[in-house]
Number of protein chains: 4
Amino acid sequence: MMAGSVNKVILIGHLGADPEIRRTQDGRPIANLRVATSETWRDKVTGDRKERTEWHSVVIFVEGLAKVAEQYLKKGSAVYLEGQLQTRKWQDQSGQDRYTTEVVLNGFHCNLTLLGSPGGGNRPPPAGSPEDYGRESSRTPSGGATGPSFSSDLDDDIPFAPEWRG
Amino acid sequence: MMAGSVNKVILIGHLGADPEIRRTQDGRPIANLRVATSETWRDKVTGDRKERTEWHSVVIFVEGLAKVAEQYLKKGSAVYLEGQLQTRKWQDQSGQDRYTTEVVLNGFHCNLTLLGSPGGGNRPPPAGSPEDYGRESSRTPSGGATGPSFSSDLDDDIPFAPEWRG
Amino acid sequence: MMAGSVNKVILIGHLGADPEIRRTQDGRPIANLRVATSETWRDKVTGDRKERTEWHSVVIFVEGLAKVAEQYLKKGSAVYLEGQLQTRKWQDQSGQDRYTTEVVLNGFHCNLTLLGSPGGGNRPPPAGSPEDYGRESSRTPSGGATGPSFSSDLDDDIPFAPEWRG
Amino acid sequence: MMAGSVNKVILIGHLGADPEIRRTQDGRPIANLRVATSETWRDKVTGDRKERTEWHSVVIFVEGLAKVAEQYLKKGSAVYLEGQLQTRKWQDQSGQDRYTTEVVLNGFHCNLTLLGSPGGGNRPPPAGSPEDYGRESSRTPSGGATGPSFSSDLDDDIPFAPEWRG
DNA sequence: TTTT
DNA sequence: TTTT
């Protein structure tokens, strides 16, 4: 491409069912979610209230985020997520080409955040645990100062060491 | 929804073909775009460079943005766009249910911005015209924009009145 | 700009205090929020859990959204919001130039969504009312079909009539 | 926070000056950018065309992205970037507290993409090089990316394995 | 199939 | 201080 490209999806919605977990041959989880987003409006002519719900298929390949999904999400959970659009081609029983578009969380530029579950209150992953679930543990918080009082030693307590990115 | 929901797609990519323009019965344009995004990476094992291109179907219902697409976009144009995910159900010739997922620009929370065209240099819509193409004309950098009447704002020409923010 | 520009901020966080409401001369509300976002990580060396909280100043000029803030937000409320970055210049008592950067919700491309309040359960604006609060009332839901079975009459029940955008 | 929080800034704009590069004690670059975004509108009363430009201070701590900035960005370059808002406190000469808000690229959820430079055509980083500049090299379009070890993925070169998604 |  |  002439210039870098961007492919980003941001959703806030609720799960229509418990996550489905699959596993790779070496046991890492992959989570599939069905997420509903909805919007309401009032018909300008009749004044009736209307609602439209959109259903999204979400696939989480990032191991740490798939584990969070497995452990903390359930039917009805509210989530914030960032991923990218991907369309897969497959063949139906009659051999015809079919296409399915999914929101994929994979590699960088992905995110999954719990916004609460029905019944379960708004309980996030218990303190001490999310960092044990892979990538999210490594979220770097800040880089400190860059202005007048700029000071060095950026990696003192910064999760993503350079070797990570090298 | 327990809490409001969000359904947002952000793409930067290039058009794979000229926009297709359809029209409503009363003549307003609806633009369909095919937009490619791509990412490259290096195979960790072989070290080979790899690329994956994703194609997105985009439908622009916002009149002003569809006119911009009609007039300024062509095969190869680079665009930034914001819309939402929608999946439509339809029947194929054999009567089977089929689903197509598109990025839809409709209502608020949408955006379309030209990032340059091949050959045509990086020429944006000519000065003086974009505002004539519908919604974008109505962008009120401050105040305003609260309802159909749109009229009369104190601060039409005082975009960001500091006295309000103390 | 050679190419259109984009200036977008997306926050999910909690209010550190009740909204402050100011009013324009003609009585329209402007809401100021203090929103906290936080992130946690584990120190790679010591293993200690760390947290960093960022505070954001948010100003809502969109009348409908300011009314929602006034009526439904309070200290502790969780919100999703989309706005843009703006830096204001002002003079302190000694006459020196000072700068303040805020997240401004103004014109198009803004959004404010409640994600729940403490104590108050996760009660959103009561049914029937949000549409009475200005711009959000006009959120258009969808545009219908564009593919194989494309059918006309897009405006039948679509809030944003063309006159709105023209 | 009750629920995870999000702090995201997305900008498309132009550099007002060449990047400023600082270095940590161990030689890693940190890039500071001044990025302009602008918007135009027509005064609803006078019909005059108006423009407002916003200037953003951007700090890039991610080593690979800072190197890209150092090598490929210059005054006038157009960029897409994703980072987060951070406000630093510092003391001026008179000892007074001052605050500066910046867009920080640090850790995950960051991005920097070139959209073209004046004169320089729309030339992106030369093929073969971007992967040599740190983090971006590590983008794993699928699987992978779960921790510092990074090693051995079944699917290193099968970016989007369909058999996993049924 | 969620949520309000 | 960019860009158009």
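In what follows, chains are A, B, ... by sequence order, proteins preceding strands, each numbered from 1. As the structure is a computational prediction, the values presented were derived from the model and not from experiment.
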Roughly, in whole Å, what's the span from OH in C:Tyr99 to P in F:dT1? 12 Å
Atom CD of D:Glu51 and atom P of F:dT1 are separated, to the nearest Å, by 15 Å
In whole Å, what is the span from the CZ atom of D:Arg52 to the C1' atom of F:dT1? 16 Å
Please report the distance, rounded to the nearest Å, between NZ in D:Lys74 and P in F:dT2. 14 Å
Rounded distance in Å - CG (A:Leu115) to P (E:dT3): 14 Å
Find the distance A:His14:NE2 to E:dT3:C1' and express it as a whole number of Å. 5 Å
Are any of the side-chain heavy atoms of B:Leu115 and D:Ile12 separated by less than 4.5 Å? yes
Between F:dT3, E:dT3, F:dT1, which nucleotide gets closest to the side-chain atoms of D:Ser38? F:dT3
Polar contact flag, side-chain donor to acceptor under 3.5 angstrom, A:Ser57-A:Arg34: yes
By side-chain contact (heavy atoms from CB on, under 4.5 Å) - contacts of C:Glu82 (at least two apart): B:Lys8, B:Glu82, C:Lys8, C:Ile10, C:Tyr80, C:Asn111
Of all residues at least two apart in sequence or in a different chain, which pass the side chain to side chain donor-acceptor pair (under 3.5 Å) check with C:Asp97? C:Lys89, C:Gln91
Rounding to a whole Å, what distance do you find between A:Glu54:CD and E:dT2:C1'? 13 Å
Is D:Trp55 stacked against the base of F:dT2, taking the criterion as centroid distance under 5.5 angstrom and interplanar angle under 30°? no
Please classify the nucleic acid contact of A:Thr53 as base, sugar-phosphate, or nothing, using heavy-atom distances under 4.0 Å. base
Can you tell me how far P of F:dT3 sits from CG of D:Leu73, to the nearest Å? 13 Å
